[in-house]
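To start, the structure itself, in structure tokens.
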Amino acid sequence: MARRKKLFEGKAKILYEGPEPGTLVQYFKDDATAFNSRKKSVVDGKGVLNNRLSEYFMNGLNMIGVPTHFIKRINMREQLIRQVEIIPLEVVVRNVAAGSLSERFGIEEGSALPRPMIEFYLKNDELDDPMVTEEHAVAFGWASQHDLDEMVALALRVNDFLSGVMLAVGIRLVDLKIETGRVWDNDFQRLIVADEISPDSCRLWDITSNRKFDKDVFRRDLGNLAEAYTEIARRLGVLPSNITHAVKPHVIN
Ligand code: UDP
């Protein structure tokens, strides 16, 4: 097959031109980054696992009527997706205090929150993805108030869906991050869930032991990241058949 045109390369994924107008191919790399790429590693098998896990979550969302960019998985590392115009805001939903919320407000990690909390962050590596308010987003033209309302509605539905799916396999969804993108169906425009949903972008803790199965394993050197993601995939029954054991991550710089 002819080499596809690369359109964009990010930290964990590459986007290629798709086979039809309005489609893209999303390729999952094994690269792991944290702290805005100040910590980097290659984790063998991570891309394959995240491709499967994102397929599983996005498929489920599509099936319950939460629109996503996911069309189908093509192979071990690639999926066909709808091309969207990415809204430059990350939407975080939190159920339990952790990470930057705990640091910013001195709330102990693991404290249950009284209701799901929503935060917006600007996607801007030079600025270290600062947290922004809805007022900033509208005033600076990153999203309209209507977009923000749609983003909150989508994020809450993803949060409820993922909380239930993970609880069924003994895992608590602590928080998650989604990205959204704009699509046009004739003259009608709407936002859909884009990017990926994987343990790279959520916090997943064992319901009884609180053991972490997400990117904090890498951020905080808590063990083997591929092993943690493999355990999630195993519990969900989506373990790729050729991944029988996880490989130790090696630091490249
Ligand atoms: N998150 C993400 N990408 C980012 C920042 C955060 O996927 O660029 C996810 C992160 O994995 C966690 C949630 O968003 O599940 C909340 O992250 P937090 O603000 O606590 O960030 P941290 O300081 O821990 O990166």
Side-chain angles (χ1 to χ4, degrees), residues 8-13 26 28-29 31-41 43 46-47 49-51 53-54 57-58 68-69 86-113 115-133 136-137 142 151-152 154-156 158-163 165-167 171-181 193-206 210-223 225-226 228-229 232:
F8 175 78
E9 177 154 5
K11 291 175 216 151
K13 297 185 293 296
Q26 178 164 256
F28 287 77
K29 302 194 281 185
D31 302 36
T33 64
F35 312 117
N36 199 4
S37 298
R38 288 185 288 277
K39 179 169 182 171
K40 280 190 206 173
S41 182
V43 178
K46 179 173 87 80
L49 287 158
N50 279 353
N51 186 24
L53 287 166
S54 202
F57 297 134
M58 296 260 186
T68 82
H69 73 165
I86 284 283
I87 304 291
L89 298 171
E90 298 183 340
V91 192
V92 168
V93 187
R94 301 178 185 274
N95 304 301
V96 174
S100 70
L101 179 90
S102 293
E103 280 165 35
R104 188 178 302 119
F105 301 116
I107 311 280
E108 194 185 344
E109 271 211 335
S111 316
L113 299 172
R115 43 172 278 187
M117 275 180 191
I118 305 257
E119 295 167 354
F120 295 99
Y121 292 86
L122 181 64
K123 273 168 63 71
N124 185 320
D125 285 342
E126 279 104 79
L127 299 176
D128 251 343
D129 291 356
M131 186 156 96
V132 298
T133 64
H136 297 144
W142 299 316
M151 289 160 78
V152 169
L154 284 172
L156 288 173
V158 174
N159 183 54
D160 282 348
F161 169 76
L162 210 59
S163 294
V165 166
M166 296 316 301
L167 180 67
I171 288 174
R172 174 177 293 121
L173 176 67
V174 169
D175 54 33
L176 66 85
K177 182 264 309 187
I178 62 160
E179 297 192 21
T180 57
V193 179
D195 189 52
E196 72 179 283
I197 300 178
S198 76
D200 268 8
S201 51
C202 3
R203 285 196 168 91
L204 302 168
W205 296 359
D206 185 87
N210 277 338
R211 185 176 156 199
K212 295 175 171 56
F213 291 109
D214 54 60
K215 207 161 88 174
D216 276 348
V217 172
F218 170 69
R219 292 191 190 97
R220 303 178 186 186
D221 297 319
L222 300 176
L225 189 71
Y229 289 17
I232 300 285

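Remember, it's 1-based here, ligands and their atoms both numbered in the order they're listed. Residue numbers count from 1 along this sequence.
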Looking at Arg203 and Asp214, is any side-chain nitrogen of the basic one under 4.0 Å from a carboxylate oxygen of the acidic one? no
Does a side-chain N-to-carboxylate-O contact under 4.0 Å join Glu179 and Lys13?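 Salt bridge absent between Glu179 and Lys13.
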Which residue and non-hydrogen atom of the protein lie closest to atom 12 (C) of ligand 1, and at what distance in Å?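 Protein heavy atom with the smallest distance to atom 12 (C) of ligand 1: Asp175 OD1, 3.2 Å.
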At under 4.0 Å between heavy atoms, which part of [X] makes contact with ligand 1: side chain, backbone, both or neither?
X: Ser100; result: both
X: Arg219; result: side chain
X: Asp129; result: side chain

Using only atom types and a distance under 3.5 Å, with no angle test, would you say the side chain of [X] pairs donor to acceptor with the backbone of [Y]?
X: Tyr229; Y: Asn50; answer: no
X: Lys123; Y: Ile87; answer: no
X: Lys39; Y: Phe218; answer: yes
X: Asn95; Y: Leu173; answer: yes

Kindly confirm or rule out an N or O of Asp216 lying under 3.5 angstrom from an N or O of ligand 1.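 No, Asp216 has no N/O under 3.5 Å of an N/O on ligand 1.
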Does Asp200 have a heavy atom less than 4.0 Å from any atom of ligand 1? yes
Taking only non-hydrogen atoms of Glu119, do any sit less than 4.0 angstrom from ligand 1?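 The answer is no, since Glu119 has no heavy atom less than 4.0 Å from ligand 1.
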So if I count the atoms of ligand 1 from 1 in the order they appear, which ones are less than 4.0 Å from some heavy atom of [X]?
X: Arg94; result: 16 (C), 18 (P), 19 (O), 20 (O)
X: Tyr121; result: 19 (O)
X: Gly99; result: 20 (O), 24 (O)

I'd like to know whether Lys46 forms a salt bridge (Lys or Arg N to Asp or Glu O under 4.0 Å) with Glu196, so could you lay out the CA-CA distance, the side-chain angles of the two residues, the decisive distance to 0.1 Å, and finally the verdict. CA-CA 13 Å; Lys46 179 173 87 80; Glu196 72 179 283; over 6 Å; no
Out of Lys177, Arg203, Glu90, whose heavy atom is nearest to atom 4 (C) of ligand 1?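 Nearest option to atom 4 (C) of ligand 1, by heavy atoms: Glu90.
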Atom 6 (C) of ligand 1 touched by protein heavy atom at under 4.0 Å: no
Lys11 and its salt bridge (Lys or Arg N to Asp or Glu O under 4.0 Å) partner, picked from Asp195, Asp125, Asp129: Asp125
